[in-house]
Amino acid sequence: MLVLSRQDVAALLDMGECIQAVADAFARAAAGDLPAPPGILGAHVEGGGFHVKTAALGSAPGYFAAKVNANFPNNRARFGLPTIQGVIVLFDCVSGRPLALLDSIEITILRTAAASAVAAQHLAIRSADVVTIYGCGEQGRSHLLALSHVRDVRRAFALDSDPQRAIAFASELRSALGIEVVPNEDPARAVAQSQICVTCTPAREPIFPEALLRPGLFLAAVGADNPEKQELEPAVLGRSKVVVDLVNQAATIGELHHAIEAGVMTTADVYAELGQIVCGAKPGRVSDEEIFVFDSTGTALQDVAAAGLVFERAQRTGRGTVLELT
């Protein structure tokens, strides 16, 4: 078994390749070429929780991945540790042989942004060049990087509950991408100038009200990954074309969950799963006036697609530590 650290994963996983791999995995699943990922297993404990996601990516080579993540929101303040920590175990689908044990942090960050970029490719207007990012942590950073792969972003607005964090984010990404990145404390002003918005915060009550919606907007809602988290007013989904990664999962832990509870929509009102858009079963954006929400809850399809990429590149480059289990 090959053991790959977070530093290994960061060095081996290219964002452009990750976007393509995630798109391919969603399309194949929607076309019926892959088994649907099962439901999430989880356990809540004091101060946080654990969840397990699994998926198979058959073909040559074929992989199965199981990701076990811990999510403890107060970790940085209490222990100086990341909020999310975990591992991904990658298996050979033909023989069942364990192939690799990977740190999950970098893969989770990049594959989540990759899915939003895939959605933006199909659902954001072609001329989109201004982005608003709610939440200036690692997900905010990776999302701006990923979106820059699929649209010619020239300006971004950075919003965070901590203004100093937004300032630091703007400075870093301005240098990394060579674009204008502006720390902002006025969501209405930022969204009014944007064609793409991303919410990637740990919010437990809405931070994006219906009043901010405007024709042509594409909004990726990333933060809600358990039933207690919420970033959008339910009416935002009610007024938009809603695309999800997985309907059943979004209806349980995503923004869709809150819209259903509020009575503004049902699962039947969901326009499409992302895979249906990517494989052409449903059209993406057909006019510049449509408003789209992508409800991203995160699937193991993304994890296995990214982990497979990392493993193959590690084999080619000789990176990682070999561990004999038998």
Side-chain angles (χ1 to χ4, degrees), residues 2 4 6 8-37 53-67 69 86-94 99-124 138-139 141-151 198 220 222 243-246 249 273-281 284 294 296-317 319-320:
L2 191 63
L4 296 163
R6 181 177 183 182
D8 292 327
V9 174
L12 296 167
L13 187 55
D14 173 79
M15 178 64 85
E17 291 181 353
C18 187
I19 291 170
Q20 187 58 56
V22 166
D24 291 345
F26 273 117
R28 290 180 59 198
D33 295 339
L34 302 175
K53 296 180 178 179
T54 67
L57 193 64
S59 74
Y63 301 117
F64 170 85
K67 181 172 78 173
N69 263 8
V87 295
I88 295 173
V89 187
L90 189 71
F91 293 82
D92 183 331
C93 263
V94 176
L99 298 173
L101 180 71
L102 307 90
D103 178 90
S104 73
I105 296 176
E106 201 71 18
I107 284 180
T108 300
I109 292 169
L110 267 66
R111 63 74 151 154
T112 304
S116 295
V118 172
Q121 278 183 308
H122 296 272
L123 306 177
E138 291 179 321
Q139 276 296 350
R141 179 183 184 278
S142 65
H143 269 78
L144 189 51
L145 293 170
L147 290 168
S148 296
H149 277 264
V150 300
R151 287 294 184 269
V198 177
V222 179
V243 175
V244 301
D245 42 20
L246 294 174
Q249 188 166 290
E273 290 187 341
L274 181 58
Q276 294 176 296
I277 302 287
V278 178
C279 77
F294 173 50
S296 172
T297 55
T299 80
L301 277 175
Q302 299 158 249
D303 296 315
V304 69
L309 273 180
V310 173
F311 173 69
E312 289 168 12
R313 182 163 284 185
Q315 285 189 306
R316 293 195 299 269
T317 62
R319 187 144 186 161

Would you confirm whether Gln249, through its side chain, and Gly298, through its main-chain N or O, come within 3.5 Å as a donor-acceptor pair?
yes
For Leu2 and Ala314, work out which heavy atoms get closest and say how close.
CD2-CB, 3.7 Å
Measure the CZ-CG distance between Arg28 and Leu301 for me, rounded to the nearest 0.5 Å.
9.5 Å
Which atom of Leu147 lies closest to which atom of Ala117, heavy atoms considered:
CD2-CA, 4.3 Å
So, Thr299 and Asp245: side-chain donor and acceptor under 3.5 Å apart, yes or no?
no
To the nearest 0.5 Å, atom CD of Glu106 lies from atom CZ of Arg6 at 4.5 Å
Distance from His122 atom NE2 to Gln276 atom CD, nearest 0.5 Å?
13.0 Å
Please report the C-alpha distance between Thr297 and Val244 in whole Å, then the side-chain angles of each, then the deciding distance to 0.1 Å, and finally whether the side chain to side chain contact (heavy atoms under 4.5 Å, CB included) criterion is met.
CA-CA 8 Å; Thr297 55; Val244 301; over 6 Å; no
Give, for atom CG of Leu4 and atom CZ of Arg319, the distance between the pair rounded to the nearest 0.5 Å.
9.0 Å
Rounded to the nearest 0.5 Å, how far does OG1 of Thr112 lie from CD of Glu138?
11.5 Å
Donor-acceptor contact below 3.5 Å, side chain Arg151 vs main chain Ala120
yes
Checking Arg111 side chain against Gln302 main chain: does a donor-acceptor pair fall under 3.5 Å?
no
Search all heavy atoms of Ala146 against all heavy atoms of Ala113 and return the closest pair with its distance.
CB-O, 3.6 Å
What are the two closest heavy atoms between Ala21 and Leu309, and how far apart are they?
CB-CD1, 3.7 Å
Closest contact, heavy atoms only, Phe294 versus Leu274:
CZ-CD2, 3.9 Å
Shortest non-hydrogen contact from Asp92 to Val94?
OD1-N, 2.7 Å
Between the main-chain N or O of Val150 and the side-chain N or O of Gln121, is there a donor-acceptor pair closer than 3.5 Å?
no
Given side chain to side chain contact (heavy atoms under 4.5 Å, CB included), test Ile19 with Val118 step by step and report yes or no.
CA-CA 6 Å; Ile19 291 170; Val118 172; 3.9 Å; yes
So do the side chains of Met15 and Leu110 get within less than 4.5 Å of each other, counting heavy atoms only?
yes
To the nearest 0.5 angstrom, please state how far the CD atom of Gln139 sits from the CD1 atom of Ile109.
6.0 Å
